[in-house]
Trainee: 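Dumping the structure here so I can ask a few things about it.
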Amino acid sequence: MPDKLSRAFYARPALLVAPELLGKVLVLDEGGTRRAGRIVEVEAYVGEHDLACHASKGRTPRTDVLFGPPARAYVFLVYGMHHCFNVVTDEEGVASACLVRGLEPIEGIPPHARTDGPGKLCRAMGITLAHNRLELTGDTVFLEDAPPLTRRRIARGPRIGVDYAGRWARKPYRFWERGSRFVSKV
DNA sequence: TTATCGATGGTA
DNA sequence: ACCATCGATAAA
């Protein structure tokens, strides 16, 4: 049984955590059901000054969890129907997170469910607002350790869907496993 | 109390 | 290219 990622793993800058998340295993364990997938695509949202980060709108009931301690889930709803799952990173007070955008199914995911996109993977895993703010050091939602990807297997580019964020939209804060078919289509 | 707007995805 | 659909947010 692999180790659960500790608080210390998350308590670092999002840009450092993001590429290291590749290859790690996201697990949802509820009511006797265990669903798991290997992370193949992530984006870093680095703080209040990052105009693409929800925290740039200030500390509100929604963004509060981003300002809190690391190792918590940040789940939000976009377009009224799609959930997106993030892990909160860095020290308490630094409102940063990593968005998981692609998963390679490992366990408990329905055979035809797709996991190549932030909304799709949440549907496949059964992640909803009910999981928002949960401690990733707990036993319901967490990440399991796995060997890091070699640098040559990691590709990097601008984040998706944040064109409104000006120069922040162009920063290469998206990381994915080169060649994986579970990376979101754009 | 009401209006605006998405860190998307499915269909055409 | 269009649009479904709803919570958060800001304006009124």
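These values consider heavy atoms only, across backbone and side chains, with no hydrogens, waters or symmetry-generated copies. Numbered from 1 within each chain, the chains take letters A, B, ... in sequence-line order.
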Trainee: Rounded to the Å, how far apart are A:Tyr79 OH and B:dG9 C1'?
Mentor: 10 Å
Trainee: Atom CD of A:Glu41 and atom P of B:dT8: how far apart are they, to the nearest Å?
Mentor: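 Distance, rounded to whole Å: 10 Å.
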Trainee: Between A:His83 (NE2) and C:dT5 (P), how many Å, whole number?
Mentor: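 Rounded to whole Å, this separation is 14 Å.
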Trainee: Given B:dG10, is OP1 or OP2 found less than 4.0 Å from the side-chain N or O atoms of A:Lys120?
Mentor: yes
Trainee: Less than 4.0 angstrom between a side-chain N/O of A:Arg123 and OP1 or OP2 of B:dG10, yes or no?
Mentor: yes
Trainee: Remember a base hit wins even if backbone is also touched, and classify A:Arg159 as base, sugar-phosphate or nothing at under 4.0 Å, heavy atoms.
Mentor: nothing
Trainee: Atom CZ of A:Arg101 and atom C1' of B:dG9: how far apart are they, to the nearest Å?
Mentor: 11 Å
Trainee: Does a side-chain N or O from A:His82 land closer than 4.0 Å to OP1 or OP2 of B:dG9, or not?
Mentor: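 Looking at the OP1 and OP2 atoms of B:dG9, neither is under 4.0 Å from any side-chain N or O of A:His82.
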Trainee: When you compare the side chain of A:Tyr74 with that of A:Val87, does any pair of heavy atoms fall below 4.5 Å?
Mentor: no
Trainee: Are A:Glu48 and A:Phe67 packed together at the side-chain level, in the sense that at least one heavy-atom pair is separated by less than 4.5 angstrom?
Mentor: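 With C-beta onward as the side chain, the pair touches.
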Trainee: In whole Å, what is the span from the CG atom of A:Asn132 to the P atom of C:dC6?
Mentor: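 Between P of C:dC6 and CG of A:Asn132: 18 Å.
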Trainee: With side chain to side chain donor-acceptor pair (under 3.5 Å) as the rule and sequence neighbours excluded, what pairs involving residues 75-90 of chain A come up?
Mentor: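 Counting only pairs at least two positions apart or across chains, the side chain to side chain donor-acceptor pair (under 3.5 Å) contacts touching residues 75-90 of chain A are A:Thr89-A:Ser96.
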Trainee: Is the distance from OP1 or OP2 of B:dG10 to the nearest side-chain N or O of A:Arg114 less than 4.0 Å?
Mentor: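 No.
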Trainee: Let me know the distance between NZ of A:Lys185 and P of B:dG9, rounded to the nearest Å.
Mentor: 11 Å
Trainee: Just so I know, are the side chains of A:Glu91 and A:Arg12 near enough to count as touching, which here means a heavy-atom distance under 4.5 Å?
Mentor: no
Trainee: Hey, are A:Glu107 and A:Arg34 close enough for a salt bridge, meaning a charged N less than 4.0 Å from a carboxylate O?
Mentor: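 Yes, this pair counts.
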Trainee: Output the rounded distance in Å from CH2 (A:Trp168) to C1' (B:dA7).
Mentor: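 Taking atom C1' of B:dA7 as the reference, CH2 of A:Trp168 is at 15 Å.
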Trainee: For A:Arg174 and A:Glu41: C-alpha separation, side-chain torsions, deciding distance, then whether salt bridge (Lys or Arg N to Asp or Glu O under 4.0 Å) applies.
Mentor: CA-CA 7 Å; A:Arg174 170 174 173 247; A:Glu41 182 186 5; 2.7 Å; yes
Trainee: Heavy atoms under 4.0 Å, any strand shown: does A:Leu77 hit a base, just sugar-phosphate, or nothing?
Mentor: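 Result for A:Leu77 = sugar-phosphate.
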Trainee: For A:Tyr45 and B:dA7, say yes or no: do the ring centres fall under 5.5 Å of each other while the ring planes differ by less than 30°?
Mentor: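 By the stated criterion, A:Tyr45 and B:dA7 stack.
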Trainee: In whole angstroms, how far is the C1' atom of B:dT8 from the CE atom of A:Met81?
Mentor: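 Atom CE in A:Met81 sits about 8 Å away from atom C1' in B:dT8.
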Trainee: Side chains of residues 111-122 of chain A: which donor-acceptor pairs under 3.5 Å do they make with residues two or more places apart or in other chains?
Mentor:
residue	atom	partner	partner atom	Å
A:Arg114	NH2	A:Asp116	OD2	2.9
A:Thr115	OG1	A:Leu103	O	2.5
A:Asp116	OD1	A:Lys120	NZ	3.1
A:Asp116	OD2	A:Lys185	NZ	3.0

Trainee: My validator wants the stems of DNA chain C: runs of 3 or more consecutive Watson-Crick or G-U pairs, both distances under 3.5 Å, written as range with range.
Mentor: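 Only these stems qualify: B:1-6 with C:6-11, B:8-11 with C:1-4.
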Trainee: Establish, with yes or no, whether the OP1 or OP2 oxygen of B:dA7 is under 4.0 angstrom from a side-chain nitrogen or oxygen of A:Tyr164.
Mentor: yes
